[in-house]
Structures are given as C-alpha cells and as structure tokens.
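Right, one structure below, let's go through it.
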2 protein chains.
Amino acid sequence: MSSIRAASTRARRTAILEAALDCFTTRGVDATTIEELCHQAGCSTGSIYHHFGNKEGIASGLFLHGIRSLNADLLRRLQHCQTAEQSVRMVVIQYCDWIHDNPELARYLLSFRDISFSATARLELQSTYHHHLAAIFRWFRPFVLREEIRTLPPEAYVPIISGPIQDYARHWVRGQFQLPPSAVKDVFAEAAWNAVRGPGAG
Amino acid sequence: MSSIRAASTRARRTAILEAALDCFTTRGVDATTIEELCHQAGCSTGSIYHHFGNKEGIASGLFLHGIRSLNADLLRRLQHCQTAEQSVRMVVIQYCDWIHDNPELARYLLSFRDISFSATARLELQSTYHHHLAAIFRWFRPFVLREEIRTLPPEAYVPIISGPIQDYARHWVRGQFQLPPSAVKDVFAEAAWNAVRGPGAG
DNA sequence: CATCATATTAGAATCTCATTCTAGGCAATT
DNA sequence: AATTGCCTAGAATGAGATTCTAATATGATG
C-alpha cells in the first residue's frame with residue numbers, strides 16, 4: 001500500500017541520499033555543506049533534518065544502505081553455487097562484480113571513516129554485520145563438516161576469504177593500483193580458495 | 001644537530017600529536033575541538049595552526065606517523081627471517097604484535113578511512129604506501145623466483161598476506177570480535193601461508 | 001654586543017556552517 | 001469540513017574552525 005504521502009516521502013529521502021552520494025564521493029563528507037545538499041536534492045534544510053536528524057545521519061544512512069545492498073547481493077548469488085570451491089570463489093567474484101556495477105556506492109563504502117558515526121548507527125551496523133557473518137557461516141558449514149573447507153574460528157572465515165580483495169579495492173579507489181578489482185578477481189579467488197581449502201577438497 | 005629551538009619545536013609537535021591521539025580515539029575526530037587540543041597539549045590555537053595548518057593536518061599527520069612506524073617495524077623484523085614461510089608468517093605476526101604494543105595508535109589507524117584528507121596528505125600517504133609495497137616485494141622476490149611463493153601481480157602480495165588480519169583487526173577494535181588479534185595470529189599466519197605458498201615450498 | 005630576520009606563540013576577532021526554531025501547508029481520517 | 005499529524009520552508013542561533021595582529025624568543029650577522 002503506497003499512499004501519495006508515503007511515496008513522496010520515499011522520493012524525498014532517495015533524492016537526498018542520491019545528492020549525498022554524489023557530493024560525498026566527489027568533495028568528501030566534511031567538505032559538503034547542508035546547503036549544497038539542499039540545492040542538489042531540491043529541498044530545504046528543514047526537510048533534510050526532518051528525515052535524517054543530522055549530517056551524520058545522512059552519512060550513516062547511506063553507508064548502511066550500501067552495506068545491506070552488497071550483503072544481500074552476495075547471499076543471492078551464493079544460492080546458485082554447488083561446491084565449496086565455487087562458493088568461496090563466488091565471495092570474491094561477487095565483490096568485484098558489485099563494485100563494477102555500483103561504482104559510486106562502492107567508492108563511498110571503501111573510502112569512509114566510520115569512527116564518526118553515532119552510537120546508534122554503529123549498533124545498527126554491528127547488528128547488520130553480525131547477521132551477515134551468521135548467514136555466511138550457515139552457508140559454509142556443510143562444507144566445513146565434510147572437511148572440504150578447513151575448520152577455523154567462525155569469525156575468521158569472512159576476513160580470510162574477502163579481506164584481501166577488500167584491501168586491494170580500498171587502495172584501488174584511491175588510485176594506488178592500476179588494475180580494477182574485476183581484472184584481478186581470479187587471482188584473489190584462487191588465493192582465497194587456497195587459504196581455506198581443507199584436506200577433503202578435490 | 002639539535003638546537004634549542006629545534007628541540008622545543010619537536011616537543012611542541014609531539015605534545016600536540018599526543019593530545020590528538022588521546023582525544024581522537026576517545027571522542028572521535030569530529031567531536032574534539034581545537035580548544036580541547038589546546039588545553040590538553042598546553043598550547044594556544046596559534047601554535048597548533050602554525051605547526052599543522054588545520055585540523056585535518058593534525059589528523060593526517062598522526063595517521064602518517066602511525067603508518068610509518070608500523071611499516072618500519074615490519075621491515076626490521078623481516079630481516080631476522082630466513083625462509084619464505086617464516087617471512088610470510090612474520091607479516092601477520094608482526095601486525096598483531098604491533099597492535100598489542102601500540103594499542104592507541106592502532107585503534108586510530110584502524111578506525112579511520114582517509115577520504116577527508118587533503119590532496120597533499122593523500123599524496124604523501126600514497127608515496128609511503130608505494131615505497132612500502134616495493135620494499136616488501138624486494139624482500140619476497142627471491143622466494144618467488146625459487147617458486148617457494150606463487151607468482152602473482154606484485155600489487156597482490158600485501159593485500160593477500162595482510163588483508164585478512166587487517167580486516168579482522170578492524171572489526172575487533174569496534175568490539176565486533178571477542179578475541180584480540182594476538183589470540184588468532186597463528187590461524188591467520190597459516191591462512192596467509194596457504195594462500196601464497198608455491199609448488200617449490202617444503 | 002647590537003641589530004635584524006625568522007620561527008614561534010598567544011589570544012582576540014571573524015566567519016563559515018551545522019543545527020534549531022517557528023510557522024505554515026497538505027494528505028489522510030473522522 | 002474539521003482535525004490530526006507528517007512534512008516543508010527558511011530565518012535565527014550558536015559552536016567552533018580558521019584568520020589576524022601583535023608579541024616573544026632564537027639564532028645569525030655585522
């Protein structure tokens with residue numbers, strides 16, 4: 001059920017987030033003023049503060065949106081994987097593909113410092129990450145039980161599998177590396193598989 | 001040659017950086033005011049702006065200092081390694097040890113993303129990272145040539161070896177993981193070695 | 001030793017924003 | 001049609017980053 005008001009509220013929120021994504025990635029969060037956001041989103045300061053509370057609320061809202069979209073996409077694509085090796089490689093491949101398909105949002109997620117988020121925003125992020133870890137672990141457990149994947153502390157899997165490509169991507173968005181993640185995804189997928197493959201793996 | 005003036009300049013800079021480290025890690029960068037820094041460092045605003053230009057200059061100066069100290073420590077400890085496996089494991093172990101020995105600085109480095117740094121600060125960071133990558137690659141090249149370590153794009157080694165433990169540590173400082181890095185260092189050292197060990201390795 | 005140039009410090013004055021406040025406007029419900 | 005509560009606008013406020021001016025201290029030069 002989408003009343004006229006609910007629809008226009010959604011549209012306004014989206015307009016603000018889009019303006020923020022553009023300004024934040026090009027000029028940086030600190031350098032963009034509320035006035036600029038108002039201009040680009042075509043609204044007033046009152047409207048912005050009504051929807052997001054404060055500037056940090058916009059920044060964390062955008063961050064959370066990006067993380068959730070990224071996580072959901074991974075879980076979706078894992079459904080199509082059969083083997084342990086396919087699944088591990090998919091974690092890396094999907095990350096690269098997602099960056100390729102969502103360049104601005106990726107740039108934002110990868111270049112943000114989140115020490116500045118409020119306590120509630122951090123809690124929300126934390127809970128999102130926690131659920132994601134659990135879902136990932138749930139997917140991989142059968143492979144671990146069959147020893148196709150090495151047994152590790154549960155919290156170690158995500159860092160070990162996707163830490164390298166994330167680190168690479170972080171440097172890439174800053175222009176420190178030439179090749180985009182999509183050009184090195186197979187190298188990193190291979191490394192991830194080698195890092196976790198167990199004795200029972202083909 | 002350390003004249004009286006040079007010494008007191010160094011002392012003042014250090015006092016400001018120490019105050020910043022304390023305030024930034026406890027309250028966050030945005031939340032600490034220049035006034036607070038003045039009070040804690042025992043100096044005036046004029047002095048701060050003379051030495052660091054602006055608030056961002058303090059933040060990036062502290063960041064650069066931390067990165068350089070971390071990198072130098074790694075290169076020092078690599079000198080004592082003999083084999084490829086020792087060396088790869090050392091990259092992980094040293095990182096954990098350094099975090100353990102420099103908890104505040106580590107907390108600062110790990111909870112910061114540098115989109116907000118100025119262009120010149122970013123360049124300086126970039127060049128520092130570039131030199132570090134080159135030094136690391138220089139150390140590992142002999143092992144790669146002997147195929148004790150797999151051949152990869154040069155830029156991939158550091159992300160693959162230290163990406164996972166960095167990602168783990170980032171979550172740990174936010175309280176998302178219970179075990180400190182030093183408690184899981186062997187797991188991550190093992191994973192790093194498996195990720196890059198070549199056909200010629202024992 | 002006197003003088004000058006420069007590095008450093010202090011703290012008041014300014015000025016740029018983030019945020020708050022007040023007053024409406026407009027969909028939905030009765 | 002009246003009422004309620006969400007939503008918007010834009011002016012007013014206030015905090016705090018930055019700039020400015022003047023003073024002090026160091027070291028170099030003659």
Side-chain angles (χ1 to χ4, degrees), chain A residues 1-20 22-24 26-63 112-121, chain B residues 1-20 22-24 26-63 112 115-121:
Chain A
M1 261 324 67
S2 168
S3 66
I4 291 179
R5 172 175 281 174
S8 81
T9 292
R10 233 191 335 275
R12 178 53 54 93
R13 274 187 66 96
T14 305
I16 294 171
L17 284 181
E18 277 171 2
D22 188 29
C23 293
F24 287 175
T26 56
R27 251 155 295 157
V29 175
D30 291 346
T32 67
T33 67
I34 299 291
E35 201 182 0
E36 286 170 338
L37 290 181
C38 290
H39 182 261
Q40 187 142 350
C43 71
S44 68
T45 61
S47 198
I48 283 188
Y49 278 86
H50 174 73
H51 288 292
F52 291 97
N54 56 25
K55 193 173 175 179
E56 179 271 325
I58 308 173
S60 56
L62 191 55
F63 197 85
F112 202 82
R113 77 196 150 84
D114 53 4
I115 198 178
S116 60
F117 287 163
S118 71
T120 55
Chain B
M1 265 318 72
S2 169
S3 64
I4 291 178
R5 172 176 285 176
S8 82
T9 293
R10 233 190 335 275
R12 178 52 54 94
R13 277 187 63 96
T14 304
I16 295 171
L17 284 181
E18 276 171 4
D22 187 29
C23 293
F24 287 176
T26 56
R27 250 154 297 157
V29 176
D30 291 347
T32 68
T33 68
I34 299 293
E35 201 182 1
E36 285 169 338
L37 289 181
C38 290
H39 181 261
Q40 185 141 351
C43 71
S44 68
T45 61
S47 199
I48 283 189
Y49 278 86
H50 174 74
H51 288 292
F52 291 96
N54 54 26
K55 194 173 174 180
E56 179 271 327
I58 308 172
S60 56
L62 189 56
F63 196 86
F112 214 94
I115 198 179
S116 60
F117 288 165
S118 71
T120 55

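By convention in this document, chain letters (A, B, ...) are assigned in the order of the sequence lines, proteins followed by strands, and residues within each chain are numbered from 1.
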| note | In numerical order, the residues of residues 54-62 of chain A whose heavy atoms come under 4.0 Å of DNA chain D are none
| said: Using a 4.0 Å cut-off on heavy atoms, which residues in residues 7-15 of chain A reach DNA chain D? List them by number, or say none. | reply: A:Thr9, A:Arg12
Identify the two heavy atoms, one from [X] and one from [Y], that lie closest to each other, and give their separation to 0.1 Å.
X        : Y       : result
B:Ala20  : B:Leu62 : C-CD2, 4.2 Å
A:Ala121 : A:Glu56 : CB-OE2, 3.7 Å
A:Thr32  : A:Phe24 : OG1-CE2, 3.1 Å
B:Gln40  : B:Cys23 : OE1-SG, 3.5 Å

Atom [atom1] of [X] to atom [atom2] of [N]: distance rounded to whole Å?
X       : N      : atom1 : atom2 : value
B:Ile16 : C:dT9  : CD1   : C1'   : 11 Å
A:Ile34 : C:dT19 : CD1   : P     : 6 Å
B:His39 : C:dG11 : NE2   : P     : 13 Å
A:His50 : C:dT19 : NE2   : P     : 17 Å
A:Arg27 : C:dC17 : CZ    : P     : 12 Å
A:Tyr49 : C:dC21 : OH    : C1'   : 13 Å
A:Ile48 : C:dC21 : CD1   : P     : 18 Å
B:Phe52 : C:dA7  : CZ    : C1'   : 16 Å

Rounded to the nearest 0.5 Å, how far does [atom2] of [Y] lie from [atom1] of [X]?
X       : Y       : atom1 : atom2 : result
A:Ser60 : A:Asn54 : OG    : CG    : 7.5 Å
B:Ser44 : B:Tyr49 : OG    : OH    : 11.5 Å
B:Asp30 : A:Asp30 : CG    : CG    : 5.5 Å
A:Ile48 : A:Cys38 : CD1   : SG    : 4.0 Å

| query | Across the strands shown, which category fits A:Thr33 at heavy-atom distances under 4.0 angstrom: base, sugar-phosphate, nothing? | reply | sugar-phosphate
With a 4.5 Å heavy-atom cut-off, do [X] and [Y] have their side chains touching?
X       : Y       : answer
B:Thr9  : B:His51 : yes
B:Glu18 : B:Asp22 : no
B:Val29 : B:Lys55 : yes

| field | Side-chain donor/acceptor of B:Thr45 to base of C:dG11, under 3.5 Å | value | yes
| message | Students should find this one: the first and last nucleotides of DNA chain D, 5' to 3', lying under 4.0 Å from a heavy atom of chain B. What are they? | response | D:dG16 to D:dG27
| task | Tell me which of A:Gly53 and A:Ala31 sits closer to the 5' end of DNA chain C, going by the nucleotide each one is nearest to. | result | A:Ala31
